[in-house]
Engineer: 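Dropping a structure here in structure tokens format, bear with me for questions.
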Amino acid sequence: MTELKNDTFLRALLRQPVDYTPIWIMRQAGRYLPEYRATREKAGDFMTLCTTPELACEVTLQPLERFDLDAAILFSDILTVPDAMGLGLYFSEGEGPRFKTPVRTEKQIHDLIIPEPEDQLKYVMDAVRLIRRELHGRVPLIGFAGSPWTLATYMVEGSGSKTFSLSKTLLLQEPKLAHELLGKISTAVAAYLNAQVAAGAQALMIFDTWGGNLSPHLYREFSLRYMREIVQQLKREHEGRRVPVILFTKGGGQYLSDMADTGCDALGLDWTFDIAQARKQVGQRVALQGNMDPSTLCASPDVIRSEAARVLQSFGSGSGHVFNLGHGITPDINPDHVKVLVDTVHQLSKPYHAKK
């Protein structure tokens with residue numbers, strides 16, 4: 001593989017010395033970019049965009065042409081795994097993702113297949129290989145997957161949900177069956193992430209988008225437990241270097257210490273938790289990623305600079321910080337504002353890493 005020219009992101013995740021705070025942005029390849037919208041229109045629909053390696057590669061690289069980002073993230077969707085398990089993923093315009101056959105019965109859970117990453121999900125692995133080749137070692141490539149609990153909510157509900165009534169009822173009323181479902185998803189996700197590493201992903205992130213919607217005891221039993229199991233199954237060395245793993249539970253600020261004990265290398269933070277307090281909680285156990293409110297990018301460049309400076313100051317001096325938004329960038333953002341953020345973080349963070 002081509003030698004990595006900028007490994008600042010990987011070193012920061014491992015709390016090694018860096019010259020500045022690296023930055024990438026969740027959902028950095030997305031609808032706020034006119035070039036992304038053009039490629040999506042060319043694809044015809046979102047699933048074609050995800051399942052065509054050449055198109056997935058194209059949109060993965062687009063933000064790197066505009067902004068001085070320190071990492072690329074594979075363009076895909078967290079629901080590719082349940083789709084490969086036989087649920088039939090499709091997207092309805094204006095309604096988000098849906099499954100043709102939601103998992104609602106004991107038999108359906110028993111019958112779920114564990115997909116072979118280089119078979120049912122080969123298009124993802126082909127995209128990873130192609131992106132790595134086209135990056136030419138410019139920046140690291142992040143692979144990712146959804147957490148078992150987050151995937152289970154879509155699989156049981158059949159779509160997105162505001163109440164999660166069906167999936168939460170499964171946990172409360174049939175916990176044994178819920179554990180069987182989550183166990184199968186965990187096995188599938190671990191294999192999927194390891195295959196991404198084998199194909200060329202240099203860091204991994206697990207998105208627990210809906211973990212924060214659980215009460216504390218349910219979170220620890222049905223979300224955190226399975227993320228820990230996945231982390232323990234992951235291949236952590238490849239191509240002669242460590243493959244860092246980032247866990248992100250949206251709304252999970254109260255669980256940071258527990259999350260740090262899973263064996264991961266870094267924790268993502270949403271914008272509702274102070275990063276200085278997070279650093280006190282986790283100490284030297286893990287790096288931190290985050291955590292500016294995505295809505296800040298709707299404000300003026302001066303406000304964006306001020307908020308970026310505040311987050312950097314809150315984290316303070318030393319390595320172990322990857323700057324990011326507290327969640328994904330939204331479609332209404334002006335791309336020029338993203339450039340302001342990226343350039344500001346690079347410029348203002350250097351004093352925090354000055355050798356004493």
Engineer: Do Leu182 and Ile109 sit in the same hydrophobic cluster, where Ile, Leu, Val, Met, Phe, Trp and Tyr count as joined when their side-chain heavy atoms come under 4.5 Å apart?
Structural biologist: yes

Engineer: Can you label the angle between the Tyr20 ring and the His346 ring as parallel, tilted or perpendicular, going by 30° and 60°?
Structural biologist: perpendicular

Engineer: Could you go through the side chain to side chain contact (heavy atoms under 4.5 Å, CB included) check for Val282 and Met259 one step at a time?
Structural biologist: CA-CA 9 Å; Val282 303; Met259 293 171 71; over 6 Å; no

Engineer: Should Leu325 and Thr296 be marked as a side chain to side chain contact (heavy atoms under 4.5 Å, CB included) after you check the CA-CA gap, both sets of side-chain angles, and the distance that decides it?
Structural biologist: CA-CA 9 Å; Leu325 302 179; Thr296 306; over 6 Å; no

Engineer: Does Val124 share a hydrophobic cluster with Phe46, counting links as ILVMFWY side-chain heavy atoms below 4.5 Å and allowing steps through other members?
Structural biologist: yes

Engineer: Is the Phe144 to Phe248 ring centre distance short of 6.0 Å?
Structural biologist: no

Engineer: Would you check if the side chain of Glu41 reaches a backbone N or O of Arg37 as a donor-acceptor pair within less than 3.5 Å?
Structural biologist: no

Engineer: Over all heavy atoms of both residues, which pair between Tyr255 and Leu214 is shortest? Give the atoms and the distance, please.
Structural biologist: OH-O, 3.8 Å

Engineer: Does CZ in Arg31 sit with more than 12 non-hydrogen atoms of other residues, nucleotides or ligands closer than 6.0 Å?
Structural biologist: no

Engineer: State, yes or no, whether a side-chain contact exists between Ile185 and Tyr226 at a heavy-atom distance under 4.5 Å.
Structural biologist: no

Engineer: Answer yes or no: is there a donor N or O on one side and an acceptor on the other, between the side chain of Glu157 and the main chain of Ser167, under 3.5 Å?
Structural biologist: yes

Engineer: So, are Arg129 and Glu118 salt-bridged, with charged N and O less than 4.0 Å apart?
Structural biologist: yes

Engineer: Do the side chains of Leu348 and Val18 join up, straight or via other hydrophobic residues, at under 4.5 Å, putting them in one cluster?
Structural biologist: no

Engineer: Heavy-atom distance under 4.5 Å between the side chains of His327 and Arg27, does that happen here?
Structural biologist: yes

Engineer: With a 4.5 Å heavy-atom cut-off, do Arg241 and Gln202 have their side chains touching?
Structural biologist: no

Engineer: Ignoring hydrogens and angles, state whether a donor on the side chain of His353 or Thr21 is under 3.5 Å from an acceptor on the partner side chain.
Structural biologist: yes

Engineer: Taking atom CD as the centre, does Gln233 end up with more than 12 heavy-atom neighbours from other residues, nucleotides or ligands that are less than 6.0 angstrom away?
Structural biologist: yes

Engineer: Does atom CD (Gln284) have a neighbourhood of more than 12 heavy atoms from anything else shown, all under 6.0 Å?
Structural biologist: no

Engineer: Judged by atom type as modelled, is there a donor-acceptor pair below 3.5 Å linking the side chain of Asp83 to the main-chain atoms of Leu89?
Structural biologist: yes

Engineer: So Thr48 and Asp45, side-chain hydrogen bond (donor to acceptor under 3.5 Å, both in side chains) or not? Walk me through it.
Structural biologist: CA-CA 6 Å; Thr48 300; Asp45 60 76; 3.0 Å; yes

Engineer: Please identify which of these residues, Leu204, Thr262, Val189, meets the side-chain contact (heavy atoms from CB on, under 4.5 Å) condition with Ile230.
Structural biologist: Val189

Engineer: Which pair of non-hydrogen atoms, one from Leu247 and one from Cys264, has the smallest distance, and what is that distance?
Structural biologist: CG-CB, 3.8 Å

Engineer: Would one find more than 12 heavy atoms of other residues, nucleotides or ligands at under 6.0 Å from atom NZ of Lys176?
Structural biologist: no

Engineer: Taking NZ, NE, NH1 and NH2 as the nitrogens, is one of them in Arg133 or Glu54 under 4.0 Å from a carboxylate oxygen of the other?
Structural biologist: no

Engineer: Measuring only between side-chain heavy atoms, which start at C-beta, is Trp149 closer than 4.5 Å to Asp208?
Structural biologist: yes

Engineer: Group every Ile, Leu, Val, Met, Phe, Trp and Tyr by side-chain heavy-atom contacts under 4.5 Å, then state whether Leu141 and Leu14 land in the same group.
Structural biologist: no

Engineer: Can Glu58 and Glu134 be said to form a side chain to side chain contact (heavy atoms under 4.5 Å, CB included), step by step?
Structural biologist: CA-CA 9 Å; Glu58 182 179 326; Glu134 294 301 314; over 6 Å; no

Engineer: Just wondering, are more than 12 heavy atoms of other shown residues or ligands nearer than 6.0 Å to CD in Gln173?
Structural biologist: no

Engineer: Can you confirm whether the side chains of Tyr123 and Thr80 place a donor and an acceptor under 3.5 Å from each other?
Structural biologist: no

Engineer: Using a 3.5 Å distance criterion without hydrogens, assess whether the side chain of His179 forms a donor-acceptor pair with backbone atoms of Leu171.
Structural biologist: no

Engineer: Under 3.5 Å, is there a donor-acceptor pair between the side chain of Gln108 and the main chain of Arg104?
Structural biologist: yes

Engineer: Write down the atom of Ile333, the atom of Pro294, and the distance for their closest heavy-atom approach.
Structural biologist: CD1-O, 4.2 Å

Engineer: Evaluate the side-chain hydrogen bond (donor to acceptor under 3.5 Å, both in side chains) criterion for residues Ser257 and Arg285: first the C-alpha distance (whole Å), next the side-chain angles of each, then the deciding distance (0.1 Å), finally the verdict.
Structural biologist: CA-CA 9 Å; Ser257 187; Arg285 288 181 287 167; 3.1 Å; yes

Engineer: Could you tell me if Ser300 and Asp302 have a donor-acceptor pair between their side chains, going purely by distance under 3.5 Å?
Structural biologist: no

Engineer: Does Phe164 belong to the same Ile/Leu/Val/Met/Phe/Trp/Tyr cluster as Phe207, with side-chain heavy atoms less than 4.5 Å apart forming each link?
Structural biologist: yes

Engineer: For Leu61 and Leu64, run side chain to side chain contact (heavy atoms under 4.5 Å, CB included): C-alpha distance rounded to whole Å, both residues' side-chain angles, the deciding distance at 0.1 Å, then the answer.
Structural biologist: CA-CA 5 Å; Leu61 299 180; Leu64 300 178; 4.2 Å; yes

Engineer: Can you tell me how far apart OG1 (Thr209) and CG (Leu151) are? Round to the nearest 0.5 Å.
Structural biologist: 8.5 Å

Engineer: Which is it for Glu221 and His217 under the side-chain hydrogen bond (donor to acceptor under 3.5 Å, both in side chains) test, yes or no, and what are the steps along the way?
Structural biologist: CA-CA 6 Å; Glu221 182 177 356; His217 73 288; over 6 Å; no

Engineer: Using every non-hydrogen atom in the two residues, find where Val139 and Asp70 come nearest and quote the distance to one decimal.
Structural biologist: CB-O, 3.6 Å

Engineer: Check Lys339 with Asp336, please: is the shortest side-chain N to carboxylate O separation under 4.0 Å?
Structural biologist: no

Engineer: Is there a donor-acceptor pair closer than 3.5 Å between any side-chain N or O of His337 and the backbone N or O of Cys298?
Structural biologist: no

Engineer: Is the backbone of Pro97 close enough, under 3.5 Å, to the side chain of Ser159 for a donor and an acceptor to pair up by distance?
Structural biologist: no

Engineer: Please report the closest heavy-atom contact between Thr344 and Ala308, naming both atoms and the distance.
Structural biologist: CG2-CB, 4.0 Å

Engineer: Quick check: do Tyr36 and Leu49 have side-chain heavy atoms less than 4.5 Å from each other?
Structural biologist: yes

Engineer: Quick one: are His321 and Ile275 in side-chain contact, heavy atoms under 4.5 Å?
Structural biologist: yes

Engineer: Ring-plane angle category for Trp210 and Tyr154, please: parallel below 30°, perpendicular beyond 60°, tilted otherwise.
Structural biologist: tilted

Engineer: Between Leu256 and Gln277, is any pair of side-chain heavy atoms under 4.5 Å apart?
Structural biologist: no

Engineer: Sub-3.5 Å donor-acceptor pair from the side chain of Arg11 to the main-chain atoms of Pro17, do we have one?
Structural biologist: yes

Engineer: Hey, is the main chain of Ser147 close enough, under 3.5 Å, to the side chain of Thr150 for a donor-acceptor pair?
Structural biologist: no

Engineer: Hey, mind stepping through Ser186 and Glu229 against side-chain hydrogen bond (donor to acceptor under 3.5 Å, both in side chains) and telling me if it holds?
Structural biologist: CA-CA 7 Å; Ser186 297; Glu229 287 187 9; 4.6 Å; no

Engineer: Where do Glu35 and Lys42 land on the salt bridge (Lys or Arg N to Asp or Glu O under 4.0 Å) test, with the steps shown first?
Structural biologist: CA-CA 11 Å; Glu35 54 268 43; Lys42 178 173 68 176; over 6 Å; no

Engineer: Do Glu237 and Arg242 touch side chain to side chain, with heavy atoms closer than 4.5 Å?
Structural biologist: yes

Engineer: Work out which heavy atom in Cys50 is nearest to a heavy atom in Ser76; give both atom names and the distance.
Structural biologist: SG-C, 4.1 Å

Engineer: Pick out which of Asp343, Asn324, Val322, Leu341 makes a side-chain contact (heavy atoms from CB on, under 4.5 Å) with Ile23.
Structural biologist: Leu341

